[in-house]
Amino acid sequence: MKKLIAPSMMCADFEHLKAQVNALDAAGIDVFHMDVMDGHYVPNVALGVEDFKAIRKLTKTPMDIHLMVDNPDDFIAIFAPMKPQIIYVHPDTVPMVTRTLANLKDLGIHPGIAINPGISFEQVQELLPLVDYVLVMTVNPGFAGQPFLDYTLPKIKRFVAVQDEYPFTLFVDGAISPERVKMLSNLGVNGFVVGTSALFGKEQSYATIVSQLKEQ
C-alpha cells in the first residue's frame, strides 16, 4: 500500500518558503498540510489565509486544512473559495457536524474529521459514512514537538479495522518519527502528517527523507 506523506507547514521555514515548497514537491510529498489555529480551541495561533495563498501559488500538489478552531463553519466559508482538497474539522467544535460535513461535500471538498486524544472511536463512529478522511491526533493539538501518546494506539487499530466497511483514508498526526511511520504502517495507517520529528530541520535532504519514509 502506498504511504501518503503530508508535511506540516507550520513547521516550515517561511523565510525561505518558495525553496521549501519546491524542495518538498521535488521530494514527492502527497499533500501540504495546513494547521489553522484560532487561539481559542487550542492555545496557539497558526496558519491563516495569506499563508494558504502563498503556498497555493507555488504548487499544484493537493493541500488540506486542519481546522483547530471554534466555529469551523465560519472558517470553511473563508477557505472554501481557495479550493483546498480536504478540510478536517473536530466534531466537538460544531453543534451539527453532520451538516458541516455535508456542506464540505457540496462544496467539492473532501470532508475529514480530526480526532483528539480524548475523543473515542465510539464517539465518532456514526460519522464514518460521511467522511473521506480521518485524522487521528497522537498528541494534544496546538503545538509541534510534543511526545507521542501511546494510549492512542488502540483507537488507531479500531479505525483500521473498519476501513473495509467505511472506505476513508486514515492519517495520523503528532510526533511522527520514521520509526513510528514504520510501526503505524504495519498497523494499516495510510498517511502521515510529519513535522520536526521526521522532516523539518534535519541534515538530510527532503528527497532522501521522504524516500526513506515511503520505503519504511
Side-chain angles (χ1 to χ4, degrees), residues 4-12 14 17-18 20-22 24-25 29-116 119 123-137 141-142 144 159 166-174 190-195:
L4 304 173
I5 302 299
S8 174
M9 295 307 289
M10 69 178 287
C11 301
F14 271 72
L17 183 61
K18 183 175 181 179
Q20 295 256 292
V21 171
N22 289 344
L24 289 165
D25 265 337
I29 64 97
D30 300 284
V31 182
F32 285 95
H33 183 76
M34 304 292 289
D35 289 303
V36 175
M37 309 179 194
D38 65 356
H40 296 283
Y41 180 64
V42 294
N44 194 9
V45 176
L47 306 175
V49 169
E50 297 307 317
D51 300 310
F52 186 97
K53 287 180 178 178
I55 294 173
R56 180 75 289 168
K57 289 178 181 178
L58 296 171
T59 181
K60 297 185 182 301
T61 298
M63 296 178 65
D64 72 25
I65 296 175
H66 177 190
L67 290 177
M68 288 173 270
V69 300
D70 290 329
N71 304 313
D73 292 314
D74 294 341
F75 286 79
I76 290 169
I78 295 170
F79 280 102
M82 302 174 201
K83 304 299 183 185
Q85 277 71 25
I86 308 158
I87 291 183
Y88 295 99
V89 298
H90 286 261
D92 51 315
T93 61
V94 59
M96 191 65 70
V97 68
T98 53
R99 184 178 297 155
T100 299
L101 296 172
N103 180 45
L104 286 171
K105 187 82 78 171
D106 290 342
L107 290 168
I109 298 168
H110 291 293
I113 50 174
I115 313 300
N116 283 341
I119 299 293
Q123 285 174 276
V124 299
Q125 184 175 6
E126 287 80 7
L127 301 178
L128 296 181
L130 307 178
V131 302
D132 295 331
Y133 289 84
V134 171
L135 178 68
V136 176
M137 300 299 299
F159 281 107
Y166 308 109
F168 55 83
T169 299
L170 179 62
F171 272 79
V172 292
D173 181 3
N190 310 119
F192 303 88
V193 176
V194 291

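Values in this document were obtained by computation on a predicted structure and should not be read as measured data. In this chain, numbering begins with 1 at the start of the sequence shown. Both backbone and side-chain heavy atoms feed into the values below; hydrogens, waters and symmetry mates do not.
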Would you please test I87 and L107 for side chain to side chain contact (heavy atoms under 4.5 Å, CB included) and show each step? CA-CA 11 Å; I87 291 183; L107 290 168; over 6 Å; no
Once you round to the nearest 0.5 Å, how far does CG of L170 lie from CG of L4? 10.5 Å
Which atom names give the shortest non-hydrogen contact between P141 and V42, and what distance separates them? O-CG1, 3.5 Å
Run the ring pair (Phe, Tyr, Trp, His ring centres under 6.0 Å) test against F168 and tell me which residues pass, sequence neighbours left out. none
In sequence, state the C-alpha distance, the side-chain angles, and the governing distance for V124 and F159, and then conclude on side chain to side chain contact (heavy atoms under 4.5 Å, CB included). CA-CA 10 Å; V124 299; F159 281 107; 3.7 Å; yes
Note: V172 and F192 closest approach over all heavy atoms is CG2-CD2, 3.5 Å
CD of E126 to OG1 of T98, rounded to nearest 0.5 Å, is 11.0 Å
Sequence neighbours left out, cut at 3.5 Å: what donor-acceptor pairs do the side chains of residues 128-137 make with other protein atoms?
unit_1	atom_1	unit_2	atom_2	d
D132	OD1	K105	NZ	3.2
D132	OD2	K105	NZ	3.3
D132	OD2	H110	ND1	2.8

So how far is it from H90 NE2 to I115 CD1, rounded to the nearest 0.5 Å? 8.0 Å
Does a side-chain heavy-atom distance below 4.5 Å link M9 with D51? no
Got I119 and P91 here, is their nearest side-chain heavy-atom distance under 4.5 Å? no
If you measure from CE on M96 to CG on D73, what distance do you get to the nearest 0.5 Å? 11.0 Å
Gap between atom CE of M82 and atom CD1 of I65 - 0.5 Å precision: 7.5 Å
How about T100 and N103: do any of their side-chain heavy atoms sit closer than 4.5 Å? no
Do F14 and L47 touch side chain to side chain, with heavy atoms closer than 4.5 Å? yes
Mind listing the closest non-hydrogen atom pair of C11 and G195 along with its distance? SG-CA, 3.9 Å
Any chance the side chains of D25 and T61 put a donor and an acceptor closer than 3.5 Å? yes
Are the side chains of T93 and V69 in contact, using a 4.5 Å heavy-atom criterion? no
For P62 and Q85, the nearest pair of non-hydrogen atoms, with its separation, is CA-OE1, 3.3 Å
In a table with atom names and distances, give each donor-acceptor pair under 3.5 Å that connects a side chain of residues 30-39 to protein atoms at least two apart or in another chain.
unit_1	atom_1	unit_2	atom_2	d
D30	OD1	K2	NZ	3.3
D30	OD1	K214	NZ	3.4
D30	OD2	I5	N	2.8
D30	OD2	K214	NZ	3.0
H33	ND1	D64	OD1	2.8
H33	ND1	D64	OD2	3.0
H33	NE2	D35	OD1	3.0
D35	OD1	H66	ND1	3.2
D35	OD2	S8	OG	2.9
D38	OD1	H40	N	2.8
D38	OD1	Y41	N	3.0
D38	OD2	D70	N	2.7

Do the non-hydrogen side-chain atoms of N44 and M10 ever get within less than 4.5 Å of each other? yes
Distance in Å, L101 CG paired with D106 CG, rounded so as to fall on 0.5 Å steps: 11.0 Å
